[in-house]
Amino acid sequence: MITLGVGLIRITSSSTNLVGCKWVFRIKRNSDGTIDRYKARLVAKGFHQRPGIDYKETFSPVIKPTTIRIVLNLAVTNGRSLRQLDINNAFLHGTLTKAVFMSQPPGFTDSQYPVHVCQLRKALYGLRQAPRAWYHELHSFLLSYGFTNAASDPSLFIYNHSAQVIYFLVYVDDLVVIGNDPSSIEQFIKAISAKFSVKDLGSLHYFLGIEVLPTPSGLFLSQHKYIRDLLVLTHMDGAKEVDTPLITTGSLVLKDGSPPANATEYRSVIGALQYLNLTRPDISFAVNKLSQFMHCPTESHRSATKHLLRYLKGTIFHGLHLRRHRNPSLHAFSDVDWAGNLDDRTSTTAYVIFLGGNPISWSSRKQRSVARSSTEAEYRAIVTTAAELAWVHSLLIELKFPLPCTPVIYCDNIGANYVCANPVFHSRMKHIAIDFHFIRDKVAHGSLRVSHVATADQLADALT
């Protein structure tokens, strides 16, 4: 290879891989749908890349939705400032560790060297390693500033010096800064602006498609614009509203005799609905159920998806209200739909975890194996809830947030409660893998309580 000026080279080796590129034009919009600006971006054709030649690892962590809700909950509780930043052309800041060769951009071919190519020293949008390169660049800067990387979530950074506390949340190029001292936040924003091209968006108001609205008692998180856009995209904006996420007259099954539906369209809609789980626990069970038919959807499944969209149209302004609480406790509700799946008779685990009165984590998912009794199914659900609860507890410890009492899991099955405390039902539970019984150790050591709750008060019942 012969190196020429400005990154242009002539490739003489046939083993060198060449990546193409193209221009991408996009309209950026504000939270109210108005046009913010028009963007033109040069994007590399990452599908031309070959593993091991011009890239190795590509994974880049992003902030977990539960972490976002927890940190916002703590900010509301402690009355801390919330700021939002955006990195201009974030991926262009990443430094490449592997040599990448790209063809000259369309419309900008060097007339003197038309057959030469570009050698990239910095990352470019479209490259497979671009997100990882950007994360490492930001990670290095934050550590040098004095932040520590949270072990519970690698996209959460914590600054705790001289009574100054800053939480820094990273989702690719969307950044949230939360702190107890406005002057220390301003100082940090100046420092990161000197390193990267940063746009200060002011107080947190629109993040990851979520509108953040301050209220007298806390924050209200809404995805109404996202829902409205989804209804327009699926031509359901004029549909009649319904009161339930799923039909109540029967259960969905894999093979119901109805003709097949457009699989590509079905998967696209379900993927969009999954993103609504950020602020809408009420649709968690419906989305989980409809996701089980993505490999072979039928017209019945498509009709059920339309039913869910009609429900969303009627509840478009529903969202998550994070309220201020004094001495919030950590507790969870665990429930199960025993053998409710008519195709394979597996059960559905559901849980909702609260910090004070605010839901911060929820889930509805199939169990991996068939349970022989309702007690076994409930016990497995408690174990899943305990694992999530333990992770949440560890994150709160890293955030220096003390809990006033031991975390509690509420379950409406007395037998499952007994099994958590002692092996009274050994003859009926001996086939369960040993790793499920870690919850007994937590109960025995006092780091967790499992308590009975009446079925009428079981908040996780809405997710099963």
Side-chain angles (χ1 to χ4, degrees), residues 66 70 73 281-282 284-285 288 323 325-341 345-394 396 402-464:
T66 301
I70 290 175
N73 188 85
D282 55 326
S284 185
F285 174 77
N288 170 264
R323 294 181 173 85
H325 290 275
R326 294 183 178 179
N327 299 322
S329 61
L330 184 63
H331 57 280
F333 291 85
S334 173
D335 199 15
V336 71
D337 177 24
W338 178 44
N341 193 313
R345 286 303 176 183
T346 53
S347 306
T348 299
T349 292
Y351 64 77
V352 183
I353 298 178
F354 289 83
L355 186 58
N358 299 324
I360 56 173
S361 180
W362 52 82
S363 178
S364 177
R365 67 182 68 172
K366 280 177 60 176
Q367 294 185 358
R368 296 184 177 181
S369 57
V370 178
R372 300 174 63 190
S373 66
S374 60
T375 296
E376 178 187 339
E378 294 275 6
Y379 181 63
R380 292 179 184 271
I382 292 176
V383 172
T384 301
T385 308
E388 179 72 5
L389 198 64
W391 175 79
V392 170
H393 192 190
S394 67
L396 291 174
L403 294 176
C405 57
T406 302
V408 186
I409 297 178
Y410 294 102
C411 175
D412 58 5
N413 186 284
I414 297 178
N417 293 343
Y418 288 160
V419 175
C420 293
N422 55 75
V424 292
F425 290 157
H426 174 71
S427 61
R428 292 165 57 185
M429 308 292 286
K430 60 185 179 182
H431 61 285
I432 295 181
I434 294 176
D435 59 348
F436 278 96
H437 297 307
F438 84 97
I439 193 171
R440 291 181 186 169
D441 293 332
K442 288 188 171 292
V443 173
H445 288 90
S447 60
L448 180 67
R449 277 198 309 119
V450 178
S451 180
H452 181 263
V453 65
T455 302
D457 299 325
Q458 176 56 271
L459 299 184
D461 188 49
L463 278 70
T464 60

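Just so it is clear, the values below take in all heavy atoms, side chains as well, and ignore hydrogens, waters and symmetry mates.
The closest donor-acceptor contact from the side chain of Q458 to the backbone of S334 lies under 3.5 Å. Counting only distance, with no hydrogens or angles, the side chain of S347 and the backbone of A339 share a donor-acceptor pair below 3.5 Å. Within the 3.5 Å criterion, the main-chain N or O of R323 finds a donor-acceptor partner in the side chain of N358. The main-chain N or O of L463 is found under 3.5 Å from a side-chain atom of S364 such that the two form a donor-acceptor pair.
Residues H325 and G357 approach most closely at NE2-N, 3.4 Å, considering heavy atoms. For the pair L389 and P407, the tightest heavy-atom approach, listed with the atom from each and the gap, is CD2-CB, 3.8 Å. Looking at every heavy atom in both residues, V352 comes nearest to A460 through CG2-CA, 4.2 Å.
Looking at heavy atoms from C-beta onward, F333 lies out of side-chain contact with T385 at the 4.5 angstrom threshold. With contacts defined as side-chain heavy-atom distances shorter than 4.5 Å, the pair C411/I382 qualifies. The side-chain heavy atoms of K366 and N341, taken from C-beta on, include a pair separated by under 4.5 Å. Contact check for L403 versus L355: side-chain heavy atoms found under the 4.5 Å cut-off. Between H331 and Y410, the closest side-chain pair of non-hydrogen atoms falls below 4.5 Å. Between V336 and T348, every side-chain heavy-atom pair lies at or beyond the 4.5 Å cut-off. In this structure, the side chains of D412 and D461 stay at 4.5 Å or more apart for every pair of heavy atoms.
Each of V443, V419, V408 was compared with V450 under the side-chain contact (heavy atoms from CB on, under 4.5 Å) criterion, and only V443 meets it.
Between the side chains of R449 and S451, not a single donor N or O lies within less than 3.5 Å of an accepting N or O. Donor-acceptor pairing under 3.5 Å is lacking for the side chains of Q367 and T346.
A distance of 5.0 Å separates OG of S374 from CG of N413, quoted to the nearest 0.5 Å. The line from CD of E388 to CH2 of W362 is 11.0 Å long, rounded to the nearest 0.5 Å. With values rounded to the nearest 0.5 angstrom, W391 atom CH2 is found 5.0 Å from I70 atom CD1. In this structure, OG1 on T66 lies 7.5 Å from CD1 on I360, to the nearest 0.5 angstrom. Taking OG1 from T375 and OH from Y379, the interatomic distance works out to 12.0 Å, rounded to the nearest 0.5 Å. Going from atom CD of E378 over to atom CG of D335 covers 5.5 Å, rounded to the nearest 0.5 Å.
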